[in-house]
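Working notes for the structure below.
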Amino acid sequence: MAVALYARVSTTKQADKDLSIPDQLKQMRDWCKARGYLVGAEYVEPGASATDDRRPIFQQMISEATRNPAPFEAIIVHSLSRFFRDALEFALYERNLNRSGVKFESMTQQTSDDPAGGMARKIFNIFDEYQSKENGKHTLRAMQENARQGFSNGSRPTFGYRTVETDAIGNKGRKKRFEVDPVEAEVVRRIFDLYLNGLNGADVGTKRIAVHLNGRGLKMRRQPWNASRVQEVLKNPTYIGQFVFNKRGKDGKRKPETEWITVAVPAIIEKGTFERALARVAARAPTKVPPRMVTNPTLLTGLLKCGACNAGMTLTTGKSGRYRYYKCQTRIGRGIQACDSQSIPMEKLDRLVLEALAEKVFAPSRVKALMAKLTKAMKSAHGEADASIGKLSKELKDLETATERLYEAVEKGI
């Protein structure tokens, strides 16, 4: 009988240290040889949990096993827990394999193919699932206590920090603490400075900061910066000495704050600076402020589109802020090879737009006709709810005010 072997360990650390997979494979090969089984394929999954099916090698094996015809007649594992630690998922995949004529065997938990054997496999798997959840609870409890004592739990430290060994001994050697990484910390400080103080006299947002850093070769651990990563830095309390552990579960969902563990780490940013940046991020959120007002209060920012690539155009400066231009965001972010449009002087374009509005949209005859229409509507609405009259009055007043300001702007050449 042709069979396939499936070997798995839960962590990449186990795989790197060669603790389990070679032993699993050796025992399964010997077991198959003693029974006259021909091993046609071996599937090795280093560093993957058996609590779900998000395992690329596992999925490859299932896909090949369910072909017609199947390339092998059975899948051999060291124990049922190597295949799945979830009873429902185990049953679903076993049923799918059986439909394709592929059996499932464990060399350490052998069962028959009759109903009694099926029941035995279900019992084994329920106990594996229970044990997995209990182990997870104990592991998390130990990691929480480790975090309370100020030690790292092994995950990659936040950008701006690194870990160093201490004299304290843990289950896997010396424990580690966080310390500031001098090179990365300077990039963090630069981000906060740019966001609060601008660049060359001009206000900048997270996108412009990302472009600035990437243009100078300042990567985020070999990855280019983008607006989202810059904003994560600006909102991360780790930089004022408050690293939060156990914020999210394995499923990525946010846990209640009562379960969070705050670890004291060396601060990179002063608390006042962090709070000012955080307040500015909140104030500039598109859900609270119209998009055209987020980046700059200039007349046309957020309204202009590039004629070459249809991207938005934003304000840029030259000669230390002496000159201002509207420039394509594609060209700013990706360079001339992505868009060859030209920058447009802000003052020139603003004047053209204002003059066109004054001449065609807010022409005296047009404004008078609109006001007459509004006045007539107000009179015909007499006797209706005061709210309706108040709304019309406000629209008329706003229109008169806007018209006066527009004429003043045109006269002053703004």
Side-chain angles (χ1 to χ4, degrees), residues 1-67 69-113 117-118 120-136 138-139 154-155 171-173 250-251:
M1 181 170 69
V3 300
L5 309 184
Y6 179 68
R8 181 192 64 81
V9 290
S10 298
T11 66
T12 52
K13 184 174 291 186
Q14 286 179 329
D16 292 341
K17 292 185 177 180
D18 238 13
L19 295 176
S20 180
I21 286 179
D23 187 52
Q24 288 181 51
L25 290 174
K26 182 180 182 305
Q27 291 188 42
M28 286 190 290
R29 289 169 189 154
D30 292 343
W31 188 80
C32 290
K33 184 177 181 180
R35 284 158 179 75
Y37 293 170
L38 177 64
V39 177
E42 294 182 356
Y43 299 91
V44 176
E45 194 102 54
S49 170
T51 56
D52 57 47
D53 60 358
R54 291 177 294 180
R55 291 172 268 164
I57 304 300
F58 174 84
Q59 290 297 340
Q60 177 190 346
M61 178 182 68
I62 296 298
S63 175
E64 293 176 0
T66 52
R67 290 176 184 172
F72 39 80
E73 300 172 64
I75 294 175
I76 311 300
V77 292
H78 185 271
S79 65
L80 297 177
S81 64
R82 298 300 90 193
F83 190 70
F84 255 113
R85 286 183 181 272
D86 182 285
L88 178 60
E89 293 277 15
F90 179 93
L92 291 173
Y93 275 94
E94 184 182 30
R95 183 180 182 185
N96 191 26
L97 289 170
N98 289 338
R99 285 177 175 175
S100 299
V102 178
K103 296 194 301 180
F104 180 78
E105 293 188 39
S106 165
M107 61 167 285
T108 58
Q109 296 166 306
Q110 297 177 45
T111 57
S112 61
D113 293 331
R121 285 193 295 277
K122 289 183 175 66
I123 293 173
F124 285 142
N125 205 253
I126 288 171
F127 273 101
D128 285 338
E129 182 177 355
Y130 169 76
Q131 184 182 35
S132 175
K133 291 180 178 179
E134 282 298 301
N135 289 342
H138 296 316
T139 300
S155 60
N171 294 332
K172 300 178 181 180
K250 288 184 178 181
D251 56 3

Subject >> Pairwise side-chain contact, Arg29 with Tyr37, heavy-atom cut-off 4.5 Å (strictly under) >> reply: no

Original post:
Ser79 and Ser106: which non-hydrogen atoms are nearest, and at how many Å?
Top reply: CA-OG, 3.4 Å

Original post:
Is Lys103 close to Glu73 at the side-chain level, that is, under 4.5 Å between some pair of heavy atoms?
Top reply: no

Original post:
What is the distance from atom CH2 of Trp31 to atom CG of Leu5, rounded to the nearest 0.5 Å?
Top reply: 10.0 Å

Original post:
Should His78 and Thr108 count as side-chain neighbours, where that means a heavy-atom distance under 4.5 Å?
Top reply: yes

Original post:
Do Leu97 and Ile75 have side-chain heavy atoms sitting under 4.5 Å apart?
Top reply: yes

Subject >> Distance-only side-chain donor-acceptor flag, Arg55 / Tyr6, under 3.5 Å >> reply: yes

Original post:
Between Phe104 and Tyr93, does the ring centre distance come in under 6.0 Å?
Top reply: no

Original post:
Between CZ of Arg35 and CD1 of Ile76, what distance do you get to the nearest 0.5 Å?
Top reply: 9.0 Å

Subject >> From CZ (Phe58) to CZ (Arg8), nearest 0.5 Å >> reply: 10.0 Å

Original post:
When rounded to the nearest 0.5 angstrom, what is the spacing between CD in Gln27 and CG in Asp30?
Top reply: 8.0 Å

Original post:
For the atom pair CE (Met28) and CG (Asp23), what is the distance rounded to the nearest 0.5 Å?
Top reply: 9.5 Å

Original post:
Which heavy-atom pair separates Ala65 from Ala70 by the least distance, and what is that distance?
Top reply: O-CB, 3.4 Å

Subject >> Donor-acceptor contact below 3.5 Å, side chain Thr66 vs main chain Ser100 >> reply: no

Original post:
Between the side chain of Asn98 and the main-chain N/O of Glu94, is any donor-acceptor distance below 3.5 Å?
Top reply: yes

Original post:
Can you find a heavy atom in the side chain of Val3 that is under 4.5 Å from one in the side chain of Val39?
Top reply: yes

Original post:
Checking Glu45 side chain against Ile57 main chain: does a donor-acceptor pair fall under 3.5 Å?
Top reply: yes

**OP:** Indicate yes or no: at least one non-hydrogen side-chain atom of Val9 is less than 4.5 angstrom from one of Gln24.
**Re:** yes

